[in-house]
Colleague: 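If you scroll down you'll find the structure; I have some questions about it.
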Amino acid sequence: MSAPTPPDDTAQSLITASALEIRLSNTLLLPATTVRIKAGQITALMGASGSGKTTLLRALAGHLPAGARVSGTLDVLGHTPHELPDAELRTLRRTAVAYVGQDPGSALNPHMTVRGLLTELAASSGEETVHALLTECRLPTDTGIADRRPTALSGGQQRRVALARALARSPRILLLDEPTAGLDTALRDEIAHLLRDLAAHRDLAVVLATHDSHLAENCADHTIRLTPKSPGRTTPRAMAAPPGPDTGPAAAGVEAGLAATAVDAYFRTGRDRRTVLSGAALTALPGTACAVVGPSGSGKSTLLRVLAGLHPAHTGHVTLDGRTVAADVRRRTREQQRRIQLIPQNPVDTLNPRHTIAQQLARPLRLHSTLPKRAVPGRIAELLDQVGLTAGHADRYPGELSGGQRQRVSIARALAAGPDILLCDEVTSALDARTATDVMDLLDRIREVHGTTLVVVSHEHHLVSRYTDTFHLVEDGTVTAGGPVGRLTPA
């Protein structure tokens with residue numbers, strides 16, 4: 001990839017901030033930050049999880065949590081977003097400032113087709129407009145994608161549809177939160193090329209929060225590194241003995257572990273069906289770490305959801321310790337539900353925005369443990385400590401956390417059940433390199449101490465090589481290869 005073009009010092013400044021600091025109660029969300037962002041340029045925000053990258057993006061869009069205290073100055077296209085009346089703020093977002101969050105799929109109406117999502121915001125609703133937006137965002141126009149709903153798209157496709165939807169309103173400023181999270185190397189490079197084209201040809205000011213140093217180095221004109229002024233960092237610790245009954249492996253002679261056999265699965269769009277998995281098979285033996293790898297959109301996440309009972313397998317079956325389990329998680333026994341836990345790629349999909357973190361961790365403890373009520377707060381503090389968060393996070397809501405912090409809460413929520421099998425869907429994609437290693441170290445220690453089985457979907461080859469034993473390669477919905485992870489060729 002070619003290097004970013006030299007910055008144009010004569011370009012118009014669309015965003016300026018001076019000593020901008022944001023607090024919520026006693027929590028520092030954004031340390032004092034000064035920036036100047038110009039049209040036609042890409043600015044990358046980097047820093048550890050929780051350093052304030054997402055908070056700065058939200059401040060630029062005027063989307064701060066209630067009760068946030070702002071000091072310093074902020075000017076976005078001549079406005080101070082958080083001080084605007086609601087009607088004027090809506091106009092600014094609709095006409096000039098577009099935001100694509102870290103979990104773009106959660107912002108796409110699941111009942112609308114891609115065509116409807118784009119024409120809802122575009123000046124023209126014609127087929128040419130839809131085709132142009134899809135083409136600009138590197139989405140195939142000859143596959144019927146315009147008539148699919150978001151649930152029938154891969155995570156990478158959802159991300160690009162959300163980008164196309166943002167561009168449909170012809171903004172002057174484009175704000176992106178982790179635009180390459182969960183994408184394979186080829187797609188990351190494609191997104192980088194796309195952003196450079198958008199900045200140049202649309203004269204956009206692009207501001208992106210990212211942990212992807214390759215993206216920043218090869219795409220951004222400027223990089224701003226945020227460093228939190230907060231107490232010392234907590235390193236995730238190994239998990240204490242999980243609550244709940246001790247259910248060991250199946251009786252002698254019964255195949256132990258988790259397995260999927262000859263699984264077919266599809267998404268339905270109207271009367272049409274799109275095959276996502278075809279004859280897929282996977283085996284994860286007790287206490288092992290199994291990687292599921294492959295290109296974005298190949299069916300990896302769907303395979304995990306089939307194992308978790310969250311997506312129907314239309315043929316084939318899933319077995320736990322040699323015994324077939326129901327395809328629908330709601331028909332599985334409470335013990336089967338406890339034993340298999342999914343940590344999703346997008347924690348926003350499973351964290352209730354109206355409940356505190358303590359409330360969200362208390363629920364699996366009530367369902368799957370025998371802890372007395374008085375012991376629950378202590379257990380919640382312990383779970384948070386294990387994933388590198390403080391007890392103070394228990395009283396916050398998901399919207400008050402960074403993307404990386406929400407992911408760690410999602411991990412703690414799964415661990416609260418004391419599972420035998422953890423299905424991990426790109427759990428490190430929203431984390432900086434150091435935190436990602438800490439989280440994988442935590443999962444690895446849990447595996448060693450408690451014999452927990454890990455099934456890990458990841459595009460990070462170095463993490464797969466270091467932390468997993470075997471791999472399954474998924475291509476176009478089919479498991480095409482597998483074996484010891486040492487045989488896996490880097491992407």
Side-chain angles (χ1 to χ4, degrees), residues 110 149 151-152 242-268 273-288 290 292 299-347 349-352 360 363-370 410-411 413-425 427 450-457 472 474 477-479:
R149 290 181 171 82
T151 52
D246 180 14
T247 57
V254 177
E255 183 181 359
L258 180 68
T261 305
V263 168
D264 288 359
Y266 60 81
F267 286 114
R268 184 180 292 279
R273 297 194 317 182
R274 183 174 71 88
T275 299
V276 186
L277 296 174
S278 179
L282 176 146
T283 300
L285 298 178
T288 64
C290 163
V292 181
K300 304 184 300 299
S301 293
T302 301
L303 180 55
L304 253 64
R305 290 178 61 80
V306 167
L307 295 173
L310 299 175
H311 189 102
H314 302 287
T315 63
H317 58 275
V318 175
T319 60
L320 179 60
D321 293 341
R323 302 179 180 89
T324 300
V325 296
D328 188 333
V329 68
R330 293 169 295 184
R331 295 176 54 208
R332 295 180 181 179
T333 67
R334 179 68 59 82
E335 181 63 7
Q336 288 170 343
Q337 293 173 358
R338 180 195 72 79
R339 294 185 65 193
I340 303 174
Q341 292 287 314
L342 172 68
I343 305 173
Q345 179 177 346
N346 298 327
D349 293 343
T350 56
L351 295 179
N352 190 323
Q360 315 220 31
R363 186 172 186 274
L365 290 174
R366 288 196 306 270
L367 289 174
H368 301 298
S369 80
T370 57
S410 184
I411 293 171
R413 188 170 180 265
L415 295 178
D420 296 332
I421 298 163
L422 281 175
L423 308 176
C424 308
D425 191 2
V427 296
H450 303 295
T452 307
T453 303
L454 303 180
V455 182
V456 180
V457 167
H472 293 74
V474 183
T478 301
V479 177

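The shown structure was predicted, so the numbers you read here are calculated from the model rather than taken from an experiment.
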Colleague: Dump the intermediate steps for side chain to side chain contact (heavy atoms under 4.5 Å, CB included) on Leu454 and Thr288, then the final yes or no.
Modeller: CA-CA 6 Å; Leu454 303 180; Thr288 64; over 6 Å; no
Colleague: Can you name the side-chain contact (heavy atoms from CB on, under 4.5 Å) partners of Val455, sequence neighbours left out?
Modeller: Leu282, Ala284, Val292, Leu304, Leu423
Colleague: Short question: side chain of Gln337, backbone of Val329 - any donor-acceptor pair under 3.5 Å?
Modeller: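 A pair under 3.5 Å: yes.
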Colleague: Output yes when Asp425 and Arg305 qualify as a salt bridge under the 4.0 Å nitrogen-oxygen rule, no when they do not.
Modeller: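 No, no charged N to carboxylate O under 4.0 Å.
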Colleague: Any side-chain heavy-atom pair from Cys290 and His472 closer than 4.5 angstrom?
Modeller: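 Yes; the side chains approach each other to less than 4.5 Å.
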Colleague: If I take atom CZ from residue Arg363 and atom CG from residue Leu365, how far apart are they, to the nearest 0.5 angstrom?
Modeller: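 Atom-to-atom, Arg363:CZ and Leu365:CG are 11.5 Å apart.
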Colleague: Nearest 0.5 Å, what's the CG-CZ distance between Leu367 and Arg334?
Modeller: 5.0 Å
Colleague: Can we say Asp328 and Arg330 salt-bridge, meaning some charged N sits less than 4.0 Å from an Asp/Glu carboxylate O?
Modeller: yes
Colleague: Hey, what do you get for CD (Glu335) to CD1 (Ile340), rounding to the nearest 0.5 Å?
Modeller: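 One gets 10.5 Å once the value is rounded to the nearest 0.5 Å.
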Colleague: If you define the side chain from C-beta out and look only at heavy atoms, does anything of Val325 sit under 4.5 Å from Arg331?
Modeller: no
Colleague: List the residues meeting side-chain contact (heavy atoms from CB on, under 4.5 Å) with Thr350, not counting sequence neighbours, and say none if there are none.
Modeller: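 Scan of Thr350 (side-chain contact (heavy atoms from CB on, under 4.5 Å), adjacent residues dropped) gives Pro344, Ser410, Arg413.
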Colleague: Do Leu320 and Ile421 touch side chain to side chain, with heavy atoms closer than 4.5 Å?
Modeller: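 Of all side-chain heavy-atom pairs linking Ile421 with Leu320, at least one is under 4.5 Å.
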Colleague: Is it the case that the side chain of Thr478 and the backbone of Ser278 share a donor-acceptor pair, with hydrogens and angles ignored and the cut-off at 3.5 Å?
Modeller: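 Such a contact is found between Thr478 side chain and Ser278 backbone.
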Colleague: Find the distance between OG1 (Thr275) and CZ (Phe267) and round it off to the nearest 0.5 Å.
Modeller: 11.0 Å
Colleague: List the steps and the verdict of side chain to side chain contact (heavy atoms under 4.5 Å, CB included) for Leu342 and Leu310.
Modeller: CA-CA 10 Å; Leu342 172 68; Leu310 299 175; 3.6 Å; yes
Colleague: Would you say Leu351 and Gln360 make side-chain contact, with heavy atoms under 4.5 Å?
Modeller: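 With C-beta onward as the side chain, the pair touches.
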Colleague: By the definition side chain to side chain donor-acceptor pair (under 3.5 Å), identify the one residue from Thr333, Asp321, Thr452 that meets it with Arg339.
Modeller: Asp321
Colleague: Over all heavy atoms of both residues, which pair between Val306 and Ala265 is shortest? Give the atoms and the distance, please.
Modeller: CG2-CB, 4.5 Å
Colleague: Check whether any side-chain heavy atom of Val318 sits under 4.5 Å from a side-chain heavy atom of Leu258, and report yes or no.
Modeller: yes
Colleague: Drop me the distance from Leu303's CG to Leu277's CG, to the nearest 0.5 angstrom.
Modeller: 5.5 Å
Colleague: For a 4.5 angstrom cut-off between non-hydrogen side-chain atoms, does Pro364 reach Arg366?
Modeller: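 In short, these two side chains do not touch, never coming nearer than 4.5 Å.
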Colleague: Whether Arg273 engages the ring of Tyr266 as a cation-pi pair (distance to the six-membered ring centre under 6.0 angstrom, angle to the ring normal within 45°) should be assessed.
Modeller: yes
Colleague: Can you give me the closest heavy-atom contact between Asp264 and Gly279, atom names plus distance?
Modeller: OD1-N, 2.5 Å
Colleague: Just do the side chain to side chain contact (heavy atoms under 4.5 Å, CB included) check on Ile411 and Leu422 with the steps written out, would you?
Modeller: CA-CA 9 Å; Ile411 293 171; Leu422 281 175; over 6 Å; no
Colleague: To the nearest 0.5 Å, what is the distance between OG on Ser301 and CD on Gln345?
Modeller: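 With rounding to 0.5 Å, OG (Ser301) is 5.5 Å from CD (Gln345).
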